[in-house]
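Just so it is clear, the values below take in all heavy atoms, side chains as well, and ignore hydrogens, waters and symmetry mates.
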Amino acid sequence: MGKTYLITSGKGGTGKTMFAVNFGATLAMRGQSVVVMDMDLGLRNLDLYFGLENNVVYDVYDVLTGLCRIKQALIRDKRFDSLYVMAASPVRDDGTLTPLHMKVLCEKLKSAYDYVIIDSPSGIDDGLVLASAGADEAVIIVNPEYSSIRDADNLERELTRLGIGKKWLIVNKAVAELMAAGYAPKLSEISSVLQSDIAGIIQQDRNIQISTNLGMPIVLKEGTYISDNFERIADRITAPSEEE
């Protein structure tokens, strides 16, 4: 049985989709079978980050509403042996979908794949409730900004209320000089507010922005400090817990 990770954030623009793409790619490069699913209904960006926007025929909404079978909506990324993408619908849910729909889908995917990674909409509205329904653990993406930390704090509490016990924290877009000079929250400040375990810090880097615009996960360029960082992050997040 596989495992499902919800990638989420308290506000938009934190780099949530970038993380979901590269986390999934890192696991796939290890020979794991991975599905990366876009649940940001109405905004659909995940397929762009993989450069697969021209391959989308069916999407996650079609699967959840029974319009197509799961395999029809899975797009294989040919750069990997076993990585599949399921795009979001460009139309927002009109209330047709329920958390049970999502839970059933995740259970079916976990029976066939090692990891299911869900790119959640940001914030704590109904979109989060739907996206989180089948998640085993959550990864919260936060920037070293006070507004981002406050929103992540609210998100943490909401995830707990939704029944997700294990939560990880990724500090993204970090600028060490600003943090050291006191112009941005330090890691100690962030960890004093947020209770989730810190899985890693990702520096602000223009190469990450370039890679997303090119539709190419940056970890495909192996041996760089960025790909090595994602390897360490993946090790921490996927390490078996004592309960397992």
Point to revise | Residues, nucleotides or ligands: over 12 heavy atoms within 6.0 Å of Glu231 CD | key: yes

Check your understanding: Which residues, ordered by chain and number, are linked to Val57 in its hydrophobic cluster, where ILVMFWY side chains connect at heavy-atom gaps below 4.5 Å, directly or through other members?
Key -> Tyr58

Point to revise | Co-membership, hydrophobic cluster, residues Leu74 and Val60, 4.5 Å side-chain | key: yes

Check your understanding: What heavy-atom pair brings Ala28 and Leu83 nearest, and what distance separates the two atoms?
Key -> CB-CD1, 3.6 Å

Only pairs under 3.5 Å count here: list side-chain donor-acceptor contacts from residues 116-127, not counting sequence neighbours, and write none if there are none.
from: Asp119; atom 1: OD1; to: Lys16; atom 2: NZ; distance (Å): 3.0
from: Asp119; atom 1: OD2; to: Thr17; atom 2: OG1; distance (Å): 2.7
from: Asp125; atom 1: OD1; to: Gly127; atom 2: N; distance (Å): 3.0

Check your understanding: Got a second to check how far Leu130's CG is from Leu97's CG, nearest 0.5 Å?
Key -> 5.5 Å

Exercise for review: Using salt bridge (Lys or Arg N to Asp or Glu O under 4.0 Å) as the criterion, list what pairs up with Asp228, not counting sequence neighbours.
Suggested key: none

Exercise for review: Please name the pair of heavy atoms, one in Glu189 and one in Pro185, separated by the smallest distance, quoted to 0.1 Å.
Suggested key: OE2-CA, 3.5 Å

Please list, one pair per line, the donor and acceptor atoms closer than 3.5 Å that link side chains of residues 35-48 to other protein atoms, with sequence neighbours excluded.
from: Asp38; atom 1: OD1; to: Asp40; atom 2: N; distance (Å): 3.0
from: Asp38; atom 1: OD2; to: Asn45; atom 2: N; distance (Å): 3.2
from: Asp38; atom 1: OD2; to: Leu46; atom 2: N; distance (Å): 3.1

Review point. Does Val34 belong to the same Ile/Leu/Val/Met/Phe/Trp/Tyr cluster as Ile70, with side-chain heavy atoms less than 4.5 Å apart forming each link?
Key: no

Review point. Taking a hydrophobic cluster as the set of Ile, Leu, Val, Met, Phe, Trp and Tyr residues connected by side-chain heavy atoms closer than 4.5 Å, whether directly or through intermediates, do Ile141 and Tyr5 fall within one such cluster?
Key: yes

Practice item. Carefully, step by step, assess Asp114 and Arg30 under the rule side chain to side chain contact (heavy atoms under 4.5 Å, CB included). Key: CA-CA 11 Å; Asp114 296 317; Arg30 295 178 172 186; over 6 Å; no

Review point. Do you know the tightest heavy-atom contact between Ser188 and Ser191?
Key: O-OG, 3.1 Å

Practice item. Looking only at non-hydrogen atoms, find the nearest pair between Ala135 and Leu6 and report the distance. Key: CB-CB, 3.8 Å

Check your understanding: How many angstroms lie between atom NZ of Lys103 and atom OG1 of Thr4, to the nearest 0.5 angstrom?
Key -> 11.5 Å

Point to revise | Trace of the side chain to side chain contact (heavy atoms under 4.5 Å, CB included) decision for Thr8 with Val139 | key: CA-CA 6 Å; Thr8 186; Val139 181; over 6 Å; no

Study note, to complete from the structure: Ile201 and Ala174 have their tightest heavy-atom pair at CG2-CB, 3.7 Å

**Study point:** Pairs meeting criterion ring pair (Phe, Tyr, Trp, His ring centres under 6.0 Å) with involvement of residues 77-114, two or more places apart
**Key:** Tyr84-Tyr113

Practice item. Grab the two heavy atoms, one from Cys68 and one from Ala73, that are nearest each other, plus how far apart they are. Key: SG-CB, 4.2 Å

Study note, to complete from the structure: Sorted by chain and number, sequence neighbours left out, salt bridge (Lys or Arg N to Asp or Glu O under 4.0 Å) with Arg150 holds for none

Review point. Quick one: OG1 on Thr96 to CG on Leu64, what's the gap to the nearest 0.5 Å?
Key: 10.5 Å

Exercise for review: Kindly write out the residues that satisfy ring-ring contact (aromatic ring centres under 6.0 Å, His included) with Phe230, not counting sequence neighbours, or none if the list is empty.
Suggested key: Phe19

Review point. Hey, does Phe23 have a side-chain heavy atom less than 4.5 Å from the side chain of Thr238?
Key: yes

Check your understanding: Is it true that a side-chain atom of Ser148 and a backbone atom of Val142 form a donor plus acceptor pair closer than 3.5 Å?
Key -> no

**Study point:** same_hphob_cluster(Leu52, Tyr61) at 4.5 Å side-chain heavy-atom cutoff
**Key:** no

Show the atom names and distances, to 0.1 Å, of all donor-acceptor pairs under 3.5 Å that link a side chain in residues 159-173 to residues at least two apart or in another chain.
from: Thr160; atom 1: OG1; to: Glu156; atom 2: O; distance (Å): 3.1
from: Thr160; atom 1: OG1; to: Lys167; atom 2: NZ; distance (Å): 2.9
from: Arg161; atom 1: NE; to: Glu158; atom 2: OE1; distance (Å): 3.2
from: Arg161; atom 1: NE; to: Glu158; atom 2: OE2; distance (Å): 3.3
from: Arg161; atom 1: NH2; to: Glu158; atom 2: OE2; distance (Å): 2.6
from: Lys166; atom 1: NZ; to: Asp197; atom 2: OD2; distance (Å): 2.4
from: Lys167; atom 1: NZ; to: Ile164; atom 2: O; distance (Å): 3.0
from: Lys167; atom 1: NZ; to: Gly165; atom 2: O; distance (Å): 3.2
from: Trp168; atom 1: NE1; to: Glu137; atom 2: OE1; distance (Å): 2.9
from: Asn172; atom 1: ND2; to: Thr14; atom 2: O; distance (Å): 2.7
from: Lys173; atom 1: NZ; to: Gly13; atom 2: O; distance (Å): 2.6

Study note, to complete from the structure: For residues 48-77, the salt bridge (Lys or Arg N to Asp or Glu O under 4.0 Å) pairs (sequence neighbours left out) are Asp77-Arg79

**Study point:** Steps toward side chain to side chain contact (heavy atoms under 4.5 Å, CB included) verdict (Asn229, Ile233)
**Key:** CA-CA 6 Å; Asn229 192 21; Ile233 289 170; 4.0 Å; yes

Check your understanding: Tyr115, Met102: one ILVMFWY side-chain cluster at the under-4.5 Å cut-off?
Key -> no

Review point. Other than Leu178, what residues sit in its cluster of Ile, Leu, Val, Met, Phe, Trp and Tyr side chains whose heavy atoms are under 4.5 Å apart, directly or through others?
Key: Val175, Tyr183

Practice item. Could you list the residues that satisfy side chain to side chain contact (heavy atoms under 4.5 Å, CB included) with Asn207, not counting sequence neighbours? Key: Asp205, Ile210, Ile218

Review point. Does atom NZ of Lys221 have more than 12 heavy-atom neighbours from other groups under 6.0 Å away?
Key: no

Exercise for review: For Asn154, check side chain to side chain donor-acceptor pair (under 3.5 Å) against everything at least two apart and list the hits.
Suggested key: Arg157

Exercise for review: Please step through side chain to side chain contact (heavy atoms under 4.5 Å, CB included) for the pair Cys106 and Leu109, ending with a clear verdict.
Suggested key: CA-CA 5 Å; Cys106 287; Leu109 288 171; 5.6 Å; no

**Study point:** Salt bridge Asp136-Lys110, side-chain N to carboxylate O under 4.0 Å
**Key:** yes

Exercise for review: Would you please say whether a donor-acceptor pair under 3.5 Å links the side chains of Gln203 and Tyr225?
Suggested key: no

